[in-house]
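Below is one structure, written out as structure tokens; comments come after it.
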Amino acid sequence: MASSKPPQMHFFLVPFMCPGHIIPMADIAIVLAQHGVLVTLVTTPLNAIRIKPAIDSAVESKLLIRLVQLKLSEPTGLPEGCESVESIPSRSLIRHFLAVVSKLQQPMEQLFQQQKPVPNCILADKHIVWIKDIATKFQVPWLMFDGTGCFASVCNSNVLQSKVHETVPLPFQPFVVPNMPHHIEFTREQLPGNLNPICQDIEDLHESVAAAEEEAYGVVVNSFEDLELEYVKEYQKTKGGRVWCIGPVSLSNKALAHRGNKAVVDENECIRWLNSWPQKSVVYVCLGSVSRLTLQQLTELAFGLEESECPFVWAMREDKTGEVGKWMSEDGFKERTKGRGFIICGWAPQLVILSHPSIGVFLTHCGWNSTMEGICAGVPMITWPMFSDQFYNEKLIVQILNIGESVGSKVAVPMGMQDRFGVLVRRKSIQNAIVKVLLENGAEDRKVRAERLAIKANKSKEEGGSSCLNIKNLIQHITELSLGQYQT
Ligand code: UDP
């Protein structure tokens, strides 16, 4: 009698080299493995270090995940240790970095060929544009991972298709995004790189991502249906129904302190400090892994926090030149906020901090992972988008979900261009937003909405929840595809 046991599904995962892309991909590896899939996740050695603790702990609990390392071909022509976007020292090296990454195509192809059992599909970041050629060569579907949500994807596609942004003469003039379930306005200056004239220097790179995207078989999204159902449906329409929302993926990773880089502070020290504050009283500030502030803009943020008179945890990027530390001691900021300010200079254990009950608000740059993590923590947000999809995400948080307050940033500051802009957000706006979210009338309703959303986020991942069903549907779909029941 023939065995009815389903075949072992094998997914080949290739994340893009950037914390905001590799962290969720490692979470997705865990989610897939929790549903019985064998996962091979391929990245470079320094990026592997970032996710190894999470993958090791999953493997210890008997999940089938192989973490495979491929070295960038030497000499790279990049500074020592530069294997990830946030460590690229200047904007002029973005193109070179991508060229170095593209040299992985051949070793990646060989690696794919050596896999046993043969992978049933490739799930890869849209920025690894050449992955589609490997998928085509070996006749497996390429599922695209696009590190953002459905609202952002639909906004982007509707602006791109309609070219509505080209109809306004001035970059700061608002236009309405067509064919949206809500009235959504942006200005040209807020748009992500693929639509923003300021990013012309890498226009061709954006074009190649857009072209590759068209060839993806389907899309895996770190979102959940209850968060943005109307936009999930819109996105489905443009992708022939092959959109699988399987998030929030961070909920699958139980190693909270081991996410991304090793934190520069002891997690217990953070918790002890947070324990000393009342519930929902502390501001957590983190503007992601890639954005950089000029010293002038950073000091405005510092004064905004100081003048709010609220306790705060501030995760800022490593102070490589020492100018921030120097300013903080010379100005007396550190002394004046001693006791109520906890400054982390380098990688922070974001999920540990966000999940602490004393956190009352998250001041975020609206990176999609941070947005999802803030939603899962049930905290209101103060939004300060910088670039990429972040202005889209701000609209979702503030206007649609109504769980945030904007600091009023009006212009995107693309990666590596901060020096051109000076101060865009003043201390008063930061102070006002904090006071509004933590202390003013109406703050309670916002908190309640944020908490309800967190409950929905958790439910979506439980047995019977939409994301749990979607992950099963995805695996079933790929299984049937492998057995020849669908046409690619
Ligand atoms: N992150 C962290 N500690 C930090 C900075 C960032 O753990 O000090 C994590 C954060 O939790 C999130 C990711 O890094 O998972 C950043 O992704 P996001 O999409 O929010 O922003 P990006 O860094 O890509 O701009």
Side-chain angles (χ1 to χ4, degrees), residues 15-28 30 47 49-51 53-54 84-88 94 125-127 145-149 151-153 192-193 221-223 247-253 255-267 270 284-293 312-319 342-356 359 362-377 379 381-394 396-397 404 409 412-418:
F16 185 53
M17 293 80 174
C18 189
H21 293 247
I22 193 164
I23 293 173
M25 198 66 124
D27 292 340
I28 291 174
I30 296 172
N47 284 297
I49 292 173
R50 300 188 139 142
I51 52 172
S84 181
V85 168
E86 88 292 1
S87 58
I88 302 176
I94 296 177
D125 198 285
K126 72 172 186 180
H127 294 93
F145 175 64
D146 168 13
T148 193
F151 173 78
S153 297
V221 186
N222 176 18
S223 182
V249 296
S250 61
L251 293 177
S252 311
N253 184 347
L256 293 194
H258 301 290
R259 237 165 147 261
N261 297 336
K262 188 170 169 17
V264 295
V265 279
D266 176 39
E267 124 189 50
C270 268
Y284 170 55
V285 185
C286 181
L287 301 174
S289 63
V290 182
S291 322
R292 299 282 178 273
L293 299 181
F312 61 88
V313 177
W314 181 3
M316 63 174 73
R317 301 286 40 97
E318 198 190 341
D319 180 19
F342 188 101
I343 296 175
I344 304 172
C345 206
W347 197 256
Q350 179 152 306
L351 289 194
V352 172
I353 297 168
L354 273 178
S355 58
H356 193 282
I359 297 297
F362 179 16
L363 195 167
T364 172
H365 72 309
C366 308
W368 185 244
N369 296 289
S370 295
T371 301
M372 289 297 280
E373 291 161 11
I375 286 169
C376 290
V379 289
M381 290 180 247
I382 292 174
T383 57
W384 183 347
M386 301 277 166
F387 61 91
S388 187
D389 58 342
Q390 296 158 16
F391 281 87
Y392 295 151
N393 301 338
E394 173 182 61
L396 179 73
I397 297 168
S409 172
V413 182
M415 188 184 151
M417 288 197 188
Q418 60 276 19

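Just follow the structure's listing: the first ligand is 1, and inside any ligand the first atom is 1.
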Open item on the list: Is a donor from one side chain sitting under 3.5 angstrom from an acceptor on the other, for Ser250 and Arg259?
Closed with: no
Open item on the list: Can a donor-acceptor pair be found, under 3.5 Å and without considering hydrogens, that links the side chain of Ser388 to the backbone of Gln390?
Closed with: no
Task: N/O donor-acceptor pair under 3.5 Å between Trp368 side chain and Asn222 backbone - done: yes
List the closest protein heavy-atom neighbour of [atom]: residue, atom name, distance to the nearest 0.1 Å.
{"atom": "atom 13 (C) of ligand 1", "value": "Ile23 CD1, 4.0 Å"}
{"atom": "atom 23 (O) of ligand 1", "value": "Ser289 OG, 2.5 Å"}
{"atom": "atom 21 (O) of ligand 1", "value": "His365 NE2, 3.0 Å"}
{"atom": "atom 9 (C) of ligand 1", "value": "Trp347 CZ2, 3.7 Å"}
{"atom": "atom 20 (O) of ligand 1", "value": "Ser370 OG, 2.5 Å"}
{"atom": "atom 15 (O) of ligand 1", "value": "Glu373 OE2, 2.6 Å"}

- [ ] May I ask you to test the Pro15-Phe145 pair for a side-chain heavy-atom distance under 4.5 Å?
- [x] no
Just to be sure I read this right, does ligand 1 sit under 4.0 Å from the backbone of [X], its side chain, both, or neither, counting only heavy atoms?
{"X": "Arg50", "value": "neither"}
{"X": "His21", "value": "neither"}
{"X": "Pro19", "value": "neither"}

Task: Heavy-atom closest pair, residues Thr148 and Asn393 - done: OG1-OD1, 4.0 Å
Open item on the list: On a heavy-atom basis, which atom in Ser289 and which in Gly20 lie closest, and how many Å separate them?
Closed with: OG-N, 4.3 Å
- [ ] Would you check the N or O atoms of Gly288, main chain and side chain alike, for any that come under 3.5 Å of an N or O of ligand 1?
- [x] no
Open item on the list: Let's go through Asn261 and Ile49 carefully: what are the C-alpha distance in whole Å and the side-chain angles of both, what is the deciding distance for side-chain contact (heavy atoms from CB on, under 4.5 Å) to 0.1 Å, and is it a yes or a no?
Closed with: CA-CA 8 Å; Asn261 297 336; Ile49 292 173; over 6 Å; no
Task: Shortest heavy-atom approach to atom 17 (O) of ligand 1 - which of Val352, Leu287, Asn369, Leu351 - done: Asn369
Open item on the list: Judged on heavy-atom distance to atom 24 (O) of ligand 1, which of Cys366, Gly374, Gly20, Gly346 sits nearest?
Closed with: Gly20
Below 4.0 angstrom from a heavy atom of [X], which ligand 1 atoms are there? Numbered from 1 as shown, please.
{"X": "Trp368", "answer": "19 (O)"}
{"X": "Cys286", "answer": "5 (C)"}
{"X": "Gly367", "answer": "18 (P), 19 (O), 20 (O), 21 (O)"}
{"X": "Ala348", "answer": "2 (C), 3 (N), 4 (C), 7 (O), 8 (O)"}

Task: The single option from Met415, Arg317, Met386, Met417 passing side chain to side chain contact (heavy atoms under 4.5 Å, CB included) against Arg292 - done: Arg317
Open item on the list: Which residues pass the side chain to side chain donor-acceptor pair (under 3.5 Å) test with Thr383, not counting sequence neighbours?
Closed with: Glu394
Open item on the list: Check for me whether Met386 has a heavy atom closer than 4.0 Å to any atom of ligand 1.
Closed with: no
- [ ] Could you tell me if any non-hydrogen atom of Gly260 lies under 4.0 Å from any atom of ligand 1?
- [x] no
Task: Val85/His127 under side-chain contact (heavy atoms from CB on, under 4.5 Å): CA gap, chis, key distance, verdict - done: CA-CA 11 Å; Val85 168; His127 294 93; over 6 Å; no
Task: Residues Ser355, Gln350; criterion side-chain contact (heavy atoms from CB on, under 4.5 Å); working and verdict - done: CA-CA 8 Å; Ser355 58; Gln350 179 152 306; over 6 Å; no
